[in-house]
Participant: 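My questions all concern the structure below.
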Amino acid sequence: MKTIKSKQDFELVFSRGKRINNSLLRIRVARRDEGDTGRVAFVAPKRLGNAVYRNRCKRVLREAARACDMPRDGYDVILFSTAGTHDSSPELVAAALQKMLAKDGI
């Protein structure tokens, strides 16, 4: 899975991307040039809790992304965990992610 790593790429997604919210996760999606492979990033803010808590959130997000065949070609996607991510199963988060992506036409 190809990931977004540089600060410059994050800022590009934030400036050009569209934000979609759900109680289990938030996503920011930005279109890339045609033919580019998609990338994905997983974010768990410090305000959620300690490192163990945040790592569990990111594991759930990664598993949900795999279940939804992420990353999608032509899109950069940043997945943000919320307080509901930690206590949810990857299957529930994957279902929410699938709905959010379908709503945006991805």
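Everything numeric in this text was worked out from a predicted model, so none of it was measured.
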Participant: Is any NZ, NE, NH1 or NH2 atom of the basic residue among D9 and R39 found under 4.0 Å from an Asp or Glu carboxylate oxygen of the other?
Facilitator: yes
Participant: T37 and R32: which non-hydrogen atoms are nearest, and at how many Å?
Facilitator: O-NH1, 2.6 Å
Participant: Taking atom OG of S81 and atom CZ of R56, what is their separation to the nearest 0.5 Å?
Facilitator: 11.5 Å
Participant: Just list the side-chain donor-acceptor pairs under 3.5 Å for residues 42-52, sequence neighbours left out, or say none.
Facilitator:
{"from": "N50", "atom 1": "OD1", "to": "V52", "atom 2": "N", "distance (Å)": "3.4"}
{"from": "N50", "atom 1": "OD1", "to": "Y53", "atom 2": "N", "distance (Å)": "3.0"}

Participant: Measuring from atom NZ of K2 to atom NZ of K5, what distance do you get when rounded to the nearest 0.5 angstrom?
Facilitator: 9.0 Å
Participant: Would D104 and K18 count as a side-chain contact (heavy atoms from CB on, under 4.5 Å) if you check the C-alpha gap in whole Å, the side-chain angles of each, and the deciding distance to 0.1 Å?
Facilitator: CA-CA 9 Å; D104 198 39; K18 181 179 178 184; 2.8 Å; yes
Participant: Please check if M1 and I106 belong to a single hydrophobic cluster, counting links between Ile, Leu, Val, Met, Phe, Trp and Tyr side chain heavy atoms closer than 4.5 Å.
Facilitator: yes
Participant: Closest approach of V13 and R28, non-hydrogen atoms and distance?
Facilitator: CG1-CG, 3.6 Å
Participant: Check residues 86-99 and write down every donor-acceptor pair under 3.5 Å in which the side-chain atom is one partner and the other belongs to a residue at least two apart or another chain.
Facilitator:
{"from": "S88", "atom 1": "OG", "to": "G84", "atom 2": "O", "distance (Å)": "2.6"}
{"from": "S89", "atom 1": "OG", "to": "E91", "atom 2": "OE1", "distance (Å)": "3.4"}
{"from": "S89", "atom 1": "OG", "to": "L92", "atom 2": "N", "distance (Å)": "3.3"}

Participant: For residues 60-70, tabulate all N or O donor-acceptor pairs below 3.5 Å that involve a side-chain atom, not counting sequence neighbours.
Facilitator:
{"from": "E63", "atom 1": "OE1", "to": "R66", "atom 2": "NH1", "distance (Å)": "3.3"}

Participant: At their closest point, which heavy atom of M100 faces which heavy atom of L25, and how far apart are they?
Facilitator: CE-O, 3.8 Å
Participant: Taking the side chain from T3 and the backbone from A41, do they hold a donor-acceptor pair closer than 3.5 Å?
Facilitator: no
Participant: If you round to the nearest 0.5 Å, how far is CG of L79 from SG of C57?
Facilitator: 12.5 Å
Participant: Which distance, rounded to the nearest 0.5 Å, do you find between the CZ of R19 and the CD1 of I27?
Facilitator: 11.5 Å
Participant: For the hydrophobic clusters of this structure (ILVMFWY residues joined by side-chain heavy atoms under 4.5 Å, transitively), does one cluster hold both L101 and I4?
Facilitator: no
Participant: Under 3.5 Å, is there a donor on one side chain and an acceptor on the other for Y75 and R31?
Facilitator: yes
Participant: Where do N22 and T82 come nearest, in terms of heavy atoms and distance?
Facilitator: O-CG2, 4.4 Å
Participant: Cluster question for you: counting only ILVMFWY and a side-chain heavy-atom cut-off of under 4.5 Å, with indirect links fine, are I20 and V40 together?
Facilitator: yes
